[in-house]
Amino acid sequence: QVQLVESGGGLVQAGGSLRLSCAASGLTFSNYVMGWFRQAPGKEREFVTGISWGGLSTSYADSVKARFTISRDNTKNTVYLQMNSLKPEDTAVYYCAARRTCPYGGRTCYLPDGMDYWGKGTLVTVSS
């Protein structure tokens, strides 16, 4: 079965950095666009960033642009999220998700309801 397993979360001070990883198995990884989402306590799950099948196209939420970078290694079936200049408001459970088809491209590929598979998440806590 398909599994997405996030790792790399933890506690970091404001201004610090973390790198999240999401290892995929049970699917042909290069056939899926990948996204990172997050959910803070009491809030809805929100889009953070996404990357196309081959990694040439990326999309970011305005709140993380210039601070976060998504990348993928299709030889390792892994997608990464480099998070720099972290802020307390970045505190959340971070989830990776995969989607097989994306007929309209762009940001529409990363609507939460459209993702096919989800990981269980990893907690990121940013202290002030």
Side-chain angles (χ1 to χ4, degrees):
Q1 72 277 22
V2 175
Q3 281 193 312
L4 302 177
V5 180
E6 302 94 338
S7 61
L11 174 64
V12 63
Q13 288 189 331
S17 298
L18 279 176
R19 188 192 196 205
L20 305 184
S21 299
C22 171
S25 61
L27 51 70
T28 303
F29 185 68
S30 59
N31 287 350
Y32 288 78
V33 300
M34 298 297 297
W36 285 97
F37 300 78
R38 66 187 181 186
Q39 188 167 17
K43 295 188 176 181
E44 292 189 354
R45 191 171 299 188
E46 64 175 2
F47 166 78
V48 176
T49 179
I51 189 166
S52 62
W53 301 267
L56 295 181
S57 176
T58 58
S59 181
Y60 293 90
D62 288 344
S63 59
V64 306
K65 276 181 182 176
R67 298 190 299 123
F68 290 10
T69 302
I70 189 171
S71 61
R72 66 189 295 163
D73 186 340
N74 286 349
T75 67
K76 296 182 178 179
N77 290 358
T78 302
V79 61
Y80 305 97
L81 180 61
Q82 178 66 44
M83 305 186 294
N84 299 329
S85 302
L86 282 161
K87 305 174 181 180
E89 51 263 44
D90 294 318
T91 294
V93 177
Y94 283 72
Y95 300 88
C96 71
R99 177 171 177 166
R100 176 68 176 85
T101 60
C102 183
Y104 303 107
R107 184 71 172 263
T108 64
C109 294
Y110 311 109
L111 298 174
D113 289 347
M115 306 308 287
D116 296 320
Y117 302 105
W118 290 86
K120 293 183 178 180
T122 185
L123 177 62
V124 172
T125 303
V126 184
S127 62
S128 57

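For the atom pair SG (Cys96) and CD1 (Ile70), the distance works out to 9.5 Å, reported to the nearest 0.5 Å. Atom CH2 of residue Trp53 and atom CZ of residue Arg72 lie 9.5 Å apart, to the nearest 0.5 angstrom. The distance from atom CG of Asp73 to atom OG of Ser30, rounded to the nearest 0.5 Å, is 11.5 Å. Rounding to the nearest 0.5 Å gives a distance of 8.5 Å between CG of Leu81 and OG of Ser71. Of the inter-residue distances, the one linking Arg19 atom CZ with Met83 atom CE reads 11.5 Å to the nearest 0.5 angstrom.
In this structure Lys65 satisfies the side chain to side chain contact (heavy atoms under 4.5 Å, CB included) test together with Tyr60, Asp62, sequence neighbours excluded.
Note: the hydrophobic cluster containing Val64 also contains Ile51 (ILVMFWY, side chain heavy atoms under 4.5 Å, direct or indirect links).
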Distance-only donor-acceptor hits, side chain of residues 114-128, under 3.5 Å, sequence neighbours excluded:
unit_1 : atom_1 : unit_2 : atom_2 : d
Asp116 : OD2    : Arg100 : N      : 2.7
Thr122 : OG1    : Gly9   : N      : 3.2

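Taking every heavy atom of both residues into account, Arg99 and Thr101 meet most closely at NE-O, 2.6 Å. Of all heavy-atom pairs spanning Ser21 and Tyr80, the tightest one is OG-CD2, 3.4 Å. Closest approach of Leu20 to Trp36, counting heavy atoms only: CB-CH2, 3.7 Å. Shown here for Leu4 and Ala97, the closest heavy-atom pair between the two residues is CD1-CA, 3.8 Å. When all heavy atoms of Phe47 and Ser59 are compared, the closest pair comes out as CZ-O, 3.5 Å. Val79 approaches Phe29 most closely through the heavy-atom pair N-CZ, 3.9 Å.
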Check against side-chain contact (heavy atoms from CB on, under 4.5 Å), Leu18 and Phe68: CA-CA 10 Å; Leu18 279 176; Phe68 290 10; over 6 Å; no
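For residues 84-95, the pairs satisfying side chain to side chain donor-acceptor pair (under 3.5 Å) are Ser17-Asn84, Arg38-Asp90, Arg38-Tyr94, Arg67-Asp90, Gln82-Asn84, with sequence neighbours left out.
Between Phe37 and Val93, the closest side-chain pair of non-hydrogen atoms is not below 4.5 Å.
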